[in-house]
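Residue numbers begin at 1 in each chain, while the letters A, B, ... track the order of the sequences.
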Number of protein chains: 2
Amino acid sequence: MAQQTGAARRAPLTRERVLRTAVARADAAGIGSISMRGLAQELGVVPMALYKHVANKDELLDGMVDLVIEEFDPPADALDWKDEVRERVLSARRAVLRHPWARLAIESRTRRTPAVLGYMDSLAGAFRGGGFSANLTHHVMHALGNRIWGFTPELFDEPADPDAPPPTAAAQEATARQFAERYPHILEIAMAATDGDLSRVGEGCDEQFEFEFALDLLLDGFDRLRAEGWTSRRRP
Amino acid sequence: MAQQTGAARRAPLTRERVLRTAVARADAAGIGSISMRGLAQELGVVPMALYKHVANKDELLDGMVDLVIEEFDPPADALDWKDEVRERVLSARRAVLRHPWARLAIESRTRRTPAVLGYMDSLAGAFRGGGFSANLTHHVMHALGNRIWGFTPELFDEPADPDAPPPTAAAQEATARQFAERYPHILEIAMAATDGDLSRVGEGCDEQFEFEFALDLLLDGFDRLRAEGWTSRRRP
DNA sequence: ACCTGAACACCGTTCAAGT
DNA sequence: ACCTGAACACCGTTCAAGT
């Protein structure tokens, strides 16, 4: 008995299984929980075994991002360029929201995998098909920036520290007064975002709204340049 | 003789000196070169000594970013809102270009230091002073996103691996053909960016142009919403 | 009271030794 | 030929022991 160890009884290690396990781990415990050693242990395998399937940790992260990109849904055919871009980007957003670690992984990766290139090519194709010149397509994709991956930076919204002791009412009052004095415009903005309900300021704002606001603003601007027959390498 | 060790002879350790040394080190060797131990060694000090001046590595990074933000120049007075925002953002860009590591540090930090808040407040103030409602100011700042820090994601431009062996002409031809087949739109874009000179495709494009293109496109869109008296919490 | 050496619990990756 | 244990050169941070 016990001729096979736990490791030997497991499904054979494949690149696919390594990557899927890493994605599940990152989904559950964040990108900080991804280490070659920890992942190997979860797979019941010696760390070096992973290096059969991924060259190093960077390639592991690239592969994880590729799995997220594979979740992007291509939109139905016969949309005009604007709806196609919109659908593709919002689909990317849904995938990135399912894998919150992907935001930082995408930002920190220098990645030009086939999955990345394929997605960018399909977006570029949507613009070209809508009558954008190659040049203008180039510029508008840069203008979209990381929004092509469906996320925006957080800027104002900071995850509240769950370990922080709840401040006393007096302390809260004091810091609020100080804040109002030093950062009056930020306070205004925060209050506007919560319809003046100061107690909800910490909740952050409606990120989905902000994302679509900016996306549609950009797409409208693009449309204007396209309609104007923008060609020159000059700014709008 | 030698009553004072090298460490003792040095200027006393201060938070300021720790942060400035870290910034200089990151400027020279990248963010990956920043470690508590390495930094301590450079300062001729035992690692634990740093913990007197920064609570932990996260706070060290926050402090480094703050030093970059302190390099932002407030613009001359009496600019209209658009020029003021433009000047502030382009000044931020100049600082970030001087400290290339700051891009990733800013993206990965969850930072709401006084320096960060102060800068965001000044930007928000420019919009408010230009007649933007608090609500619209909120949305347009989200739309600017990380561009308020003066950078855009790299998207297409990947630093060429200097260690990679120069591919043979035949291999280059083969990959080019394959690339053209799989990613025709990206190829078009890349060629447009280099005026059709394929040999310069690897160089990447004019990032400064792309940055200002997107910035001005956004500012124009903002101006349009402002002029229309945009108030509703609906998309543009 | 102050400071710090040693230690703890990790990393990614190499490589020689073992089967 | 294949696989892997041990090792290398690191991490951030804690804490007890020393001055």
Asker: Apply side chain to side chain donor-acceptor pair (under 3.5 Å) to Thr175(A) and list each qualifying residue two or more places apart in sequence or on a separate chain.
Answerer: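 Thr175(A) satisfies side chain to side chain donor-acceptor pair (under 3.5 Å) with no residue once adjacent residues are dropped.
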Asker: Taking for each residue the nucleotide of DNA chain C bearing the nearest heavy atom, is the 5' side occupied by Ser33(A) or by Val46(B)?
Answerer: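 Result of the comparison: Val46(B).
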Asker: Yes or no on salt bridge (Lys or Arg N to Asp or Glu O under 4.0 Å) for Arg177(A) and Glu181(A), after CA distance, side-chain angles and deciding distance?
Answerer: CA-CA 6 Å; Arg177(A) 190 195 313 278; Glu181(A) 204 170 305; over 6 Å; no
Asker: Rounded to whole angstrom units, what separation is found between the CD atom of Gln41(B) and the P atom of dG12(D)?
Answerer: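 Roughly 13 Å, once rounded to whole Å.
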Asker: Examine distances only and state if a side-chain atom of Tyr119(B) and a backbone atom of Ile148(B) form a donor-acceptor pair shorter than 3.5 Å.
Answerer: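 Checking the backbone N and O of Ile148(B) against the side chain of Tyr119(B), a donor-acceptor pair under 3.5 Å is found.
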Asker: Please determine if Arg88(A) forms a cation-pi arrangement with Phe72(A), meaning its NZ or CZ atom is less than 6.0 Å from the six-membered ring centre and no more than 45° off the ring axis.
Answerer: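 Not satisfied by the 6.0 Å and 45° rule.
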Asker: Identify, with sequence neighbours excluded, every residue that meets salt bridge (charged side-chain N to carboxylate O under 4.0 Å, His left out) alongside Arg20(A).
Answerer: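 Salt bridge (charged side-chain N to carboxylate O under 4.0 Å, His left out) list for Arg20(A), sorted by chain: Glu16(A).
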Asker: Starting from P on dC10(D), measure out to CD1 on Ile34(B) and report it in whole angstrom.
Answerer: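 My rounded result for the distance is 16 Å.
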Asker: Using Watson-Crick and G-U wobble pairs whose two distances are both under 3.5 Å, how do you write the pairing of DNA chain C as dot-bracket, with | for links to another strand?
Answerer: ||.|||||...|||||.||
Asker: Tell me every residue that passes side chain to side chain donor-acceptor pair (under 3.5 Å) with Glu59(A), counting only those two or more places apart in sequence or in another chain.
Answerer: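 Checked Glu59(A) against side chain to side chain donor-acceptor pair (under 3.5 Å); matches are Arg15(A).
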Asker: Do any N or O atoms from the side chain of Asp73(A) and from the backbone of Pro75(A) form a donor-acceptor pair under 3.5 angstrom?
Answerer: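 Between the backbone of Pro75(A) and the side chain of Asp73(A) there is no qualifying donor-acceptor contact (under 3.5 Å).
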Asker: In whole Å, I'd like the distance from the CG atom of Leu39(A) to the P atom of dC10(C).
Answerer: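 Computing the Leu39(A):CG to dC10(C):P distance gives 16 Å.
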Asker: Only counting residues at least two apart or in another chain, list the ones meeting side chain to side chain donor-acceptor pair (under 3.5 Å) with Asn146(B).
Answerer: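 So Asn146(B) forms no side chain to side chain donor-acceptor pair (under 3.5 Å) with any residue.
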Asker: Expressed as a whole number of Å, how far does the P atom of dG18(D) sit from that of dC8(C)?
Answerer: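 Per the computed distance, 16 Å lies between those P atoms.
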Asker: Each nucleotide in nucleotides 13-18 of chain D should get exactly one letter: B, S or -. Can you fill that in based on protein heavy atoms under 4.0 Å?
Answerer: BBB---
Asker: Using atom P in both nucleotides, what's the gap between dC10(C) and dA9(D) to the nearest angstrom?
Answerer: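 It works out to 22 Å between them.
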Asker: Would you mind reading off the distance between Glu59(B) atom CD and dG12(D) atom P, rounded to a whole angstrom?
Answerer: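 Roughly 15 Å, once rounded to whole Å.
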